Amino acid sequence: MKQKIALITGATAGIGLETAKILSENHFNLILTGRRQDRLEKIRQELENNHCEVQTLCFDVRSKQEVDQALASLPEEWKKVDILINNAGLAAGLAPVNQGDVDDWEAMIDTNIKGLLYMSREVSGWMIARQQGHILNVSSIAGVEAYPNGAVYCATKHAVNAISKAMRIELAPHNIKVGTISPGAIETEFSLVRFKGDQEKAAKVYEGFTPLSGRDIAESIYFVLSRPAHVNIDDLLIMPTAQASARDIFRKS
Ligand code: NDP
Ligand code: 8X3
């Protein structure tokens with residue numbers, strides 16, 4: 001297969017979906033994952049054309065068994081993954097630790113940290129065998145700053161940064177790039193998921209200012225991926241103009 005292969009976790013919505021679109025426009029072959037099979041199939045039909053082939057894998061990144069089975073099911077040619085974008089993730093709830101929902105904590109830790117590790121374990125092995133590759137982990141401003149009521153989400157993104165830094169040192173001798181993208185507020189399904197489908201609460205997050213879009217982040221991801229072989233971007237911190245820190249968003253009333 002001549003074209004590069006990019007594997008994007010969480011490609012059924014938001015950043016992952018927009019990244020899939022940009023990469024398909026730029027003739028990458030794609031492996032797209034998520035838990036919603038209907039969306040994966042629709043996206044595959046939309047993106048697959050003469051310039052781009054698409055494989056879809058429907059599984060939950062929280063399950064080591066599902067991750068391993070899904071990756072093992074890929075045809076051998078498709079295991080030559082050039083780019084892994086660990087994007088699948090979520091925030092669940094917004095509450096102080098003494099009132100935190102333990103199921104929410106586990107969902108965030110299992111998805112944002114353990115899911116990323118399960119994917120990286122297998123795919124980095126494939127990359128080491130070929131002595132080439134690029135792993136890009138989607139972190140957050142929450143990986144740089146902690147904010148009240150977000151202790152566990154922030155902790156998971158701090159963990160993403162620590163894992164990425166360690167993996168960069170482990171994998172540099174194998175000619176494999178590792179980096180992070182750290183965005184501020186992006187209007188995707190993120191807040192709808194955080195507030196368990198409460199559309200009013202989710203909409204309030206983006207009121208009075210212009211948040212980033214999934215496309216903004218996808219364009220930055222494409223920039224990172226399209227640098228020359230000798231250039232690695234360790235991290236990009238990208239904020240809406242109206243957001244000066246995790247907690248300082250300047251809204252027009
Ligand atoms: P969305 O909710 O729009 O998309 C999340 C994607 O992750 C979906 O495709 C979803 O697919 C997938 N996903 C979630 N949980 C799982 C799981 N257990 N197994 C497999 N796939 C899963 O959110 P965003 O696009 O905004 O989020 C993408 C990443 O960006 C996350 O890591 C998030 O933490 C990070 N981020 C988001 C910011 C924001 O303000 N929106 C800011 C900074 C970082 P499906 O439901 O089909 O499984
Ligand atoms: C998502 C952005 O500010 O909700 O990572 O943590 S924030």
Side-chain angles (χ1 to χ4, degrees), residues 7-21 32-43 56-67 70-71 85-94 104 106-116 118-119 136-161 164 180-197 201-202 204-206 209 211-218 220-221 235-240 242-249:
L7 191 168
I8 307 172
T9 67
T12 56
I15 298 172
L17 175 56
E18 293 303 320
T19 304
K21 287 181 188 168
L32 305 179
T33 90
R35 291 164 300 178
R36 287 172 283 186
Q37 175 60 37
D38 52 337
R39 286 205 190 186
L40 286 172
E41 183 50 26
K42 193 163 161 270
I43 295 161
T56 60
L57 296 174
C58 186
F59 64 93
D60 189 328
V61 294
R62 291 174 294 182
S63 161
K64 171 88 167 57
Q65 196 187 2
E66 286 189 32
V67 169
L71 293 177
I85 304 177
N86 279 312
N87 164 74
L90 81 164
L94 195 62
D104 284 350
E106 284 177 357
M108 290 186 275
I109 291 166
D110 289 352
T111 310
N112 302 358
I113 305 177
K114 290 164 74 178
L116 178 145
Y118 299 153
M119 290 299 300
L136 195 52
N137 294 328
V138 179
S139 183
S140 168
I141 180 66
V144 181
E145 296 171 38
Y147 55 82
N149 304 326
V152 175
Y153 180 68
C154 294
T156 65
K157 293 302 182 178
H158 278 66
V160 168
N161 292 351
S164 305
T180 46
I181 291 272
S182 305
I186 315 159
E187 190 165 8
T188 58
E189 293 178 8
F190 178 84
S191 292
L192 205 56
V193 171
R194 172 171 246 170
F195 297 119
K196 321 271 165 63
K201 268 192 181 174
K204 274 205 174 331
V205 174
Y206 309 110
F209 78 109
L212 298 167
S213 66
R215 181 83 187 183
D216 293 326
I217 301 307
S220 303
I221 288 175
D235 179 52
L236 279 184
L237 178 59
I238 307 163
M239 304 291 279
Q243 185 178 13
S245 78
R247 297 172 72 180
D248 295 295
I249 297 182

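What's counted below: heavy atoms across the whole structure, side chains too, no hydrogens, waters or symmetry copies. This chain uses plain numbering: 1 for the first residue, then up along the sequence. Being a predicted model, the structure only gives us computed values, none of them experimental. We count ligands from 1, going down the list as the structure has it; atoms in each ligand are counted the same way.
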Let me confirm one number: the [atom1]-[atom2] distance from [X] to [Y], rounded to the nearest 0.5 Å.
{"X": "Thr9", "Y": "Leu116", "atom1": "OG1", "atom2": "CG", "answer": "7.5 Å"}
{"X": "Leu40", "Y": "Thr33", "atom1": "CG", "atom2": "OG1", "answer": "7.0 Å"}
{"X": "Lys42", "Y": "Arg36", "atom1": "NZ", "atom2": "CZ", "answer": "11.5 Å"}
{"X": "Asp248", "Y": "Glu145", "atom1": "CG", "atom2": "CD", "answer": "8.0 Å"}
{"X": "Leu237", "Y": "Ile141", "atom1": "CG", "atom2": "CD1", "answer": "5.0 Å"}
{"X": "Thr156", "Y": "Ile113", "atom1": "OG1", "atom2": "CD1", "answer": "5.5 Å"}

**OP:** Answer whether the closest heavy-atom distance between the side chains of Thr19 and Asn87 falls below 4.5 Å.
**Re:**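 Of all side-chain heavy-atom pairs linking Asn87 with Thr19, none is under 4.5 Å.
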Close-contact set for ligand 1 against [X] heavy atoms, below 4.0 Å:
{"X": "Phe59", "answer": "19 (N), 20 (C)"}
{"X": "Ala185", "answer": "40 (O)"}
{"X": "Gly14", "answer": "3 (O), 25 (O)"}
{"X": "Ala11", "answer": "9 (O)"}
{"X": "Val138", "answer": "29 (C), 30 (O), 35 (C)"}

Of the protein's non-hydrogen atoms, which lies at the shortest distance from [atom], and what is that distance?
{"atom": "atom 6 (O) of ligand 2", "value": "Tyr147 OH, 2.8 Å"}
{"atom": "atom 4 (O) of ligand 1", "value": "Ala13 CB, 3.9 Å"}
{"atom": "atom 44 (C) of ligand 1", "value": "Ser139 O, 3.1 Å"}
{"atom": "atom 18 (N) of ligand 1", "value": "Asp60 OD1, 2.9 Å"}
{"atom": "atom 21 (N) of ligand 1", "value": "Ala88 CB, 3.7 Å"}
{"atom": "atom 48 (O) of ligand 1", "value": "Arg35 NE, 2.6 Å"}
{"atom": "atom 36 (N) of ligand 1", "value": "Tyr153 OH, 3.8 Å"}
{"atom": "atom 25 (O) of ligand 1", "value": "Ile15 N, 2.9 Å"}
{"atom": "atom 12 (C) of ligand 1", "value": "Gly10 CA, 3.5 Å"}

Does the residue [X] have a heavy-atom contact with ligand 1, meaning some pair of atoms that are separated by less than 4.0 Å?
{"X": "Lys157", "answer": "yes"}
{"X": "Gly184", "answer": "yes"}
{"X": "Pro183", "answer": "yes"}

With heavy atoms under 4.0 Å as the rule, classify the contact between [X] and ligand 1 as side chain, backbone, both or neither.
{"X": "Thr111", "value": "side chain"}
{"X": "Ser191", "value": "neither"}
{"X": "Ser182", "value": "neither"}
{"X": "Arg39", "value": "neither"}

Minimum heavy-atom separation for [X] to [Y], with atom names?
{"X": "Tyr206", "Y": "Ile186", "value": "OH-O, 3.1 Å"}
{"X": "Pro183", "Y": "Leu212", "value": "CB-CD1, 4.3 Å"}
{"X": "Cys154", "Y": "Ala146", "value": "SG-CA, 3.8 Å"}
{"X": "Val138", "Y": "Lys157", "value": "O-NZ, 2.9 Å"}
{"X": "Arg39", "Y": "Thr12", "value": "NH1-O, 3.0 Å"}
{"X": "Ser139", "Y": "Ser182", "value": "CB-OG, 3.8 Å"}

With [atom] as the reference point, say which of [options] has the nearest heavy atom.
{"atom": "atom 2 (C) of ligand 2", "options": "Ser140, Ala91, Ala142", "result": "Ser140"}
{"atom": "atom 29 (C) of ligand 1", "options": "Val193, Asn87, Val67", "result": "Asn87"}
{"atom": "atom 47 (O) of ligand 1", "options": "Ile141, Leu90, Ile186, Thr12", "result": "Thr12"}
{"atom": "atom 24 (P) of ligand 1", "options": "Thr156, Thr188, Leu212", "result": "Thr188"}

Original post:
Leu7 and side chain to side chain contact (heavy atoms under 4.5 Å, CB included): which partner among Leu71, Leu32, Asn86?
Top reply: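 Checked Leu71, Leu32, Asn86 against Leu7; only one passes side chain to side chain contact (heavy atoms under 4.5 Å, CB included): Leu71.
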Subject >> Ile221 and its side chain to side chain contact (heavy atoms under 4.5 Å, CB included) partner, picked from Ile15, Leu236, Asp216 >> reply: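 For Ile221, the side chain to side chain contact (heavy atoms under 4.5 Å, CB included) test succeeds with only one of Ile15, Leu236, Asp216, which is Ile15.
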**OP:** Indicate, as side chain, backbone, both or neither, the part of Arg194 found under 4.0 angstrom from ligand 2 when only non-hydrogen atoms are considered.
**Re:**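 Side chain only.
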**OP:** Answer with yes or no after comparing the ring centroid distance for Tyr118 and Phe59 against a 6.0 Å cut-off, counting only values under it.
**Re:**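 Aromatic pair excluded; centres sit 6.0 Å or further apart.
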**OP:** Answer yes or no: does an N/O atom from Glu189 fall short of 3.5 Å to an N/O atom of ligand 1?
**Re:**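 There is such a contact, yes.
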